[in-house]
Amino acid sequence: MVADISAPDSAGPGTAGGVPEKPSLDGLEDKWVARWATDDTYAFDRAAALAAPRDHTYAIDTPPPTASGSLHVGHVFSYTHTDIVARYQRMRGRHVFYPMGWDDNGLPTERRVQNYYGVRCDPSLPYDQGFEPPEKAGKDQQPISRRNFVELCERLTAVDEAEFEKLWRRVGLSVDWAGVYRTISETSRATAQRMFLHNLARGEAYAQEAPTLWDVTFRTAVAQAELEDRERPGAYHRVAFAGPAGPVHIETTRPELLPACVALVAHPDDARYQPLFGTTVTTPLFGVEVPVVAHRLAEPDKGSGIAMICTFGDLNDVTWWRELQLPTRAVIGWDGRFVADPPPGVPAGPYAELAGKTSFSAQQRIVELLRESGDLEGDPRPITHPVKFFEKGERPLEIVTTRQWYIRNGGRDADLREALLARGREIQWVPDHMRHRYENWVEGLNGDWLISRQRFFGVPFPVWYRLDGEGEPDYGSPILAPESALPVDPSSDVPEGYTADQRGVPGGFLADPDVMDTWATSSLSPQVASGWDTDPELFAHVFPMDLRPQAHDIIRTWLFSTVVRAHYEHGQVPWSHAAISGFVVDPDRKKMSKSKGNATTPIDVLERYGTDAVRWRAAGARPGADSPFDEAQMKVGRRLAMKVLNVGKFVLGLGASTALTAADVTEPLDRALLTRLAGVVDEATAALEAYNYTRALEVAETFFWSFCDDYVELVKTRAYGSDAAAVSAQAALALALSVQLRLFAPVLPFVTEEVWSWWQTGSVHRAPWPAAGELPVGGDPVILTVAAEALSAIRKAKSEAKQSMRADVASAVVTAPEAHVVLVEAARTDLTHAGRIAELSVVAGDGPLRVDVVLADPTG
RNA sequence: GGGCGCGUAGCUCAGCGGGAGAGCUCUCGCCUUACAAGCGAGCGGUCGCAGGUUCGAUCCCUGCCGCGCCCA
């Protein structure tokens with residue numbers, strides 16, 4: 001496991017730049033970001049990786065941030081977690097394949113472009129070659145062609161991505177910036193289209209005309225994974241249907257859908273309605289005869305226990321319509337308004353008043369009409385109830401019947417669902433309980449994955465349809481783009497065997513108008529990043545990847561869909577590990593997000609506390625655990641970084657250098673220190689192997705503070721000398737510094753690199769991860785413990801006497817357990833110097849170690 | 001309503017079968033020749049509540065209460 005690292009250089013102190021007079025954290029980011037770029041410190045050595053066994057490579061499937069979005073400290077924390085792992089693996093000698101991507105396709109980018117430039121896409125407009133967007137976004141959005149719109153998307157995302165890269169470099173992410181990908185790039189489009197064609201060929205993808213959840217603002221279909229329930233006020237309207245033996249009352253929150261009513265439904269066990277099953281009733285106002293049917297999903301406790309089934313008011317309607325094979329009477333159009341003509345069988349009279357209305361105003365009118373006809377009983381009863389929304393939308397979803405593309409995901413196939421659950425069990429989840437999120441989601445799927453979107457900036461489906469003599473498309477046998485031609489844009493490219501002038505004319509062809517949802521492309525991030533389409537040799541080496549880091553909110557989307565795609569194409573999971581980070585939350589424990597207005601801009605925090613301080617805080621958030629944003633903690637991190645600088649300077653000033661080795665360490669106290677440090681190295685290594693970077697940092701940090709406060713204080717007088725005892729201390733300080741800098745390097749990349757540069761050559765980030773074997777064995781760490789305890793007792797005496805730590809001690813009597821007397825004696829000289837003790841005696845006694853201190857007369 | 005996680009010092013958290021801990025805050029003190037953006041010392045908790053298992057429970061089991069997230 002030593003492939004990608006350089007051997008430690010032995011250079012004398014000062015040869016690599018020397019120790020500055022007054023070390024400072026300020027400016028370290030600029031200095032080292034530039035140097036790492038120049039030196040290509042984090043380059044992935046493709047040739048060397050391919051030549052080595054697979055386990056010498058560590059491949060990370062980094063989340064591509066939404067380029068049109070904004071980053072907050074939550075992102076910084078999460079990406080830092082990944083970077084800590086990457087840096088650790090690199091120091092372990094692995095070839096770290098750590099690309100970065102930008103998720104720049106899809107709706108968020110469209111929205112940003114619309115707002116930024118004040119434009120909107122109108123696909124019917126022709127391309128305007130010289131188009132330039134207005135300087136300032138006007139009040140009314142200027143309609144532009146699809147191609148102009150896409151060009152603006154690309155222009156703006158390029159700017160956004162450059163900003164993102166700058167920030168990530170400042171955060172110190174050790175990604176190989178030569179390996180950046182974009183989800184809208186030509187390669188990504190080709191990959192997404194090729195994978196889609198494979199899915200289609202194997203029957204994993206299909207198109208279907210079906211009731212679809214539809215956002216009327218964005219005028220696109222949305223998938224189950226993008227839904228959220230929101231509590232909204234509504235009202236039950238009690239409406240009378242004319243039954244064979246008098247009126248039948250239903251209660252509905254959507255009386256405006258009365259013209260779409262196709263049946264009434266009650267629970268089969270509901271005695272109240274059993275006599276009605278098999279009969280028909282007549283809708284009020286419209287006089288349409290509809291059957292009364294029984295279905296287990298009808299809730300006897302809800303409203304009057306009998307409901308009207310409309311096409312379509314909610315997902316239950318869809319289920320009933322499908323399972324009971326009811327007719328379709330759709331009234332809501334793509335724009336969310338009532339369509340111009342009534343459904344078949346519904347009289348034109350009352351319907352004409354609704355045509356063109358929104359649901360809201362249609363409801364008002366229907367209620368008036370029902371009141372007039374006497375079919376509305378009493379006043380509407382206000383309630384609040386969950387209503388389905390697109391997570392990015394502001395208006396309730398409607399259900400519209402449209403033709404859409406789907407990928408099978410187990411939502412309607414128990415065997416497939418089982419197979420995908422099994423895939424989930426192949427992944428090592430960090431923390432383990434996050435696997436439940438995956439399993440809950442898969443088990444709760446109720447339909448296949450809808451991947452088509454009626455949008456513009458996305459990967460188009462590589463599909464055309466033949467037009468018959470009437471100009472009607474033949475959806476049954478689509479024309480597929482040949483794989484060799486990918487990526488294609490069917491709206492401008494012409495299918496084989498046709499000419500451009502046949503587009504849209506009878507006997508000609510028609511492009512599939514839709515683009516893929518962004519998840520349909522980002523679910524291929526392992527394939528895109530690893531070169532499935534561009535570098536098969538690399539792909540074969542790094543796939544399945546080692547790590548998928550991401551936050552827990554997108555297990556149902558990104559993680560799951562990536563598993564689905566890899567399951568189909570490769571018959572395996574896309575990565576061995578999924579490390580799930582928590583959120584940074586505000587003091588009220590609310591998730592930080594721009595829309596909530598509680599997001600903290602990262603650059604400000606990075607500048608005020610320094611990157612290392614922010615990273616230190618990030619490392620304190622365990623995998624999966626949310627953590628509150630608290631600036632006080634940043635100060636603690638900054639103090640640690642500062643301490644590393646100062647102790648580094650001091651230790652090197654005492655004579656620590658790379659010329660000294662483990663063999664020079666002869667004094668018992670020094671060996672005690674290094675033996676303890678060996679234990680720390682083992683523990684930190686074990687923790688990092690388990691992705692527990694928090695624990696690794698904790699053990700290193702605890703050791704470090706005791707190193708500074710106790711060990712360095714104990715030995716500094718001795719180290720000033722030049723005899724063998726002095727050399728022993730200097731060697732121990734050098735080894736301890738070297739090891740500790742490397743232990744901290746993944747978390748504090750800037751300050752460790754700075755101190756490393758004072759006395760070593762090469763980057764600490766290419767130095768080997770410390771091993772216990774570098775350190776001398778056989779020391780008794782208890783020597784350090786008892787010496788520190790004794791020193792602490794002496795400090796306490798001085799502190800209680802309100803004396804300076806420099807105050808002289810006339811005499812000190814250490815009383816220690818019998819077995820520890822010899823250990824205290826081993827540190828006698830260091831102890832007397834550190835405590836400024838004139839006369840030290842050590843005696844055996846009962847109980848824990850204590851020291852009786854007599855301070856010297858400060859005036860004497 | 002279901003799933004998952006969490007309730008330990010004022011705050012943020014570690015510990016998870018035999019000593020209740022860390023950092024921050026707070027208080028007191030110290031110019032100490034690496035660091036005053038520092039250092040030293042100290043105050044501070046019936047480990048959510050109630051049962052159970054055990055010689056012994058913060059830790060294991062059950063129930064309850066509260067908080068958060070995900071899903072209905």
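Every chain is numbered from 1 and lettered A, B, ... according to where its sequence line falls, protein lines coming before strand lines.
Taking the six-membered ring where tryptophan is involved, the planes of A/Phe707 and A/Tyr711 are essentially parallel, since the angle between them stays under 30° and well short of 60°. Ring planes of A/Tyr693 and A/His81: parallel class, angle under 30° (limits at 30 and 60°). In this pair, A/Phe560 and A/Tyr438 present their aromatic rings perpendicular. The plane angle is above 60°, beyond the 30 to 60° band.
Residues forming a ring pair (Phe, Tyr, Trp, His ring centres under 6.0 Å) with A/His267 (at least two apart in sequence, or on another chain): none. Legend: residues meeting ring pair (Phe, Tyr, Trp, His ring centres under 6.0 Å) with A/Trp616, ordered by chain and number and at least two apart, are absent. Under the salt bridge (Lys or Arg N to Asp or Glu O under 4.0 Å) criterion, A/Lys716 pairs with A/Glu713, not counting sequence neighbours. With sequence neighbours excluded, the residues satisfying salt bridge (Lys or Arg N to Asp or Glu O under 4.0 Å) with A/Glu698 are A/Arg695. Scanning for ring pair (Phe, Tyr, Trp, His ring centres under 6.0 Å) contacts around A/His820 gives an empty result, with sequence neighbours left out. Under the rule for a ring pair (Phe, Tyr, Trp, His ring centres under 6.0 Å), the partners of A/Phe390 that lie at least two apart in sequence or sit in another chain are A/Phe218.
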| request: Go ahead and write out RNA chain B as dot-bracket, 5' to 3': ( ) for pairs within the strand, [ ] for ones crossing earlier pairs, | when the partner sits on another strand, dots for unpaired; Watson-Crick or G-U wobble, both distances under 3.5 Å. | output: ((((((((.[[[[.)..(..]]]].(((((.......))))).....[[[[[..)....]]]]]))))))).
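If you check every strand for non-hydrogen atoms under 4.0 Å, A/Tyr609 touches nothing.
The CZ atom of A/Arg638 sits 13 Å away from the C1' atom of B/C35 (whole-angstrom rounding). Atom CG in A/Leu714 sits roughly 15 Å away from atom C1' in B/U32 (whole-Å rounding). Regarding A/Asp808, its CG atom lies at a distance of 13 Å from the C1' atom of B/U32, rounded to whole Å. Atom CG in A/Leu652 sits about 14 Å away from atom P in B/A34, given to the nearest Å. For the pair A/Lys643 NZ and B/G38 C1', the computed distance is 7 Å after rounding to whole Å. Protein atom CE of A/Met642 is 11 Å distant from nucleotide atom P of B/C39, rounded to whole Å. The CG atom of A/Leu697 sits 16 Å away from the P atom of B/C13 (whole-angstrom rounding). Between A/Glu21 atom CD and B/A34 atom P there is a gap of 12 Å when expressed in whole angstrom units.
A heavy atom closer than 4.0 Å to some atom of RNA chain B occurs in A/Arg795, A/Lys796, A/Ser799, these being the qualifying members of residues 793-800 of chain A.
Between A/Tyr438 and B/G3 there is no side-chain N or O to OP1 or OP2 distance below 4.0 Å. Between B/A41 and A/Ser792, a contact under 4.0 Å exists linking OP1 or OP2 to a side-chain N or O.
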Which atoms of nucleotides 14-18 of chain B (N or O only) lie under 3.5 Å from a protein N or O atom, and what are those distances?
{"unit_1": "B/A14", "atom_1": "O3'", "unit_2": "A/Arg622", "atom_2": "NH1", "d": "3.2"}

Short heteroatom pairs, N/O only, protein and nucleotides 21-27 of chain B, under 3.5 Å:
{"unit_1": "B/C24", "atom_1": "OP1", "unit_2": "A/Arg639", "atom_2": "NH1", "d": "2.8"}

All N/O contacts under 3.5 Å from nucleotides 66-72 of chain B to the protein, with atom names and distances to one decimal?
{"unit_1": "B/C69", "atom_1": "O2'", "unit_2": "A/Arg437", "atom_2": "NH2", "d": "2.9"}
{"unit_1": "B/C71", "atom_1": "OP1", "unit_2": "A/Arg556", "atom_2": "NE", "d": "3.1"}
{"unit_1": "B/C71", "atom_1": "OP1", "unit_2": "A/Arg556", "atom_2": "NH1", "d": "2.3"}

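Under the 4.0 Å criterion applied to side-chain N and carboxylate O atoms, A/Asp709 and A/Arg795 are not assigned as salt-bridge partners. A salt bridge does not link A/Glu701 with A/Lys643: every distance from a Lys NZ or Arg NE/NH1/NH2 to an Asp or Glu carboxylate oxygen is 4.0 Å or more.
Taking only side-chain atoms of A/His436, from C-beta outward, the nucleotide of B/C4, B/G40, B/A34 with the closest atom is B/C4. Distances from the side chain of A/Met805 to the nucleotides B/U33, B/G40, B/C28 place B/G40 closest.
On the P atoms, B/U33 is 38 Å away from B/C11, given to the nearest whole Å. For the C1' atoms, the distance from B/G2 to B/U8 is 29 Å, rounded to whole Å. Here, B/U53 and B/U58 have their P atoms 16 Å apart, quoted to the whole Å. Spacing between B/C60 and B/G17 at atom P, rounded to whole Å, works out to 7 Å. As rounded to the nearest Å, B/G45 and B/G7 have C1' atoms that lie 14 Å from one another. B/G42 and B/U25 have their C1' atoms separated by 14 Å, with the value rounded to a whole Å. Look at the P atom in both B/G10 and B/U46: the space between them is 8 Å, to the nearest Å. Using atom P as the reference point in both B/C6 and B/A14, the two lie 9 Å apart (nearest Å).
Atoms CZ and CG, from A/Phe704 and A/Leu737 in turn, are 8.5 Å apart once rounded to the nearest 0.5 Å.
Of the residues A/Lys635, A/Glu631, A/Arg615, the one that meets the side chain to side chain donor-acceptor pair (under 3.5 Å) test with A/Tyr609 is A/Glu631. A salt bridge (Lys or Arg N to Asp or Glu O under 4.0 Å) with A/Asp26 is found for exactly one of A/Arg638, A/Lys31, A/Arg608, namely A/Arg638.
For A/Glu818, the CD atom sits in a loose shell: 12 or fewer heavy atoms of surrounding residues, nucleotides or ligands are nearer than 6.0 Å.
Applying the salt bridge (charged side-chain N to carboxylate O under 4.0 Å, His left out) test to every pair with at least one member in residues 425-437 of chain A, sequence neighbours left out, gives these pairs: A/Glu418-A/Arg425, A/Arg423-A/Glu426, A/Asp432-A/Arg435.
Formation of a donor-acceptor pair under 3.5 Å by the A/Ser757 side chain with backbone atoms of A/Glu754 is found in this model.
Both A/Lys22 and A/Pro628 lie near RNA chain B, and the one whose nearest nucleotide falls closer to the 5' end is A/Pro628.
Checking A/Arg617 against A/Thr80 by side-chain atom types alone, no donor-acceptor pair falls below 3.5 Å.
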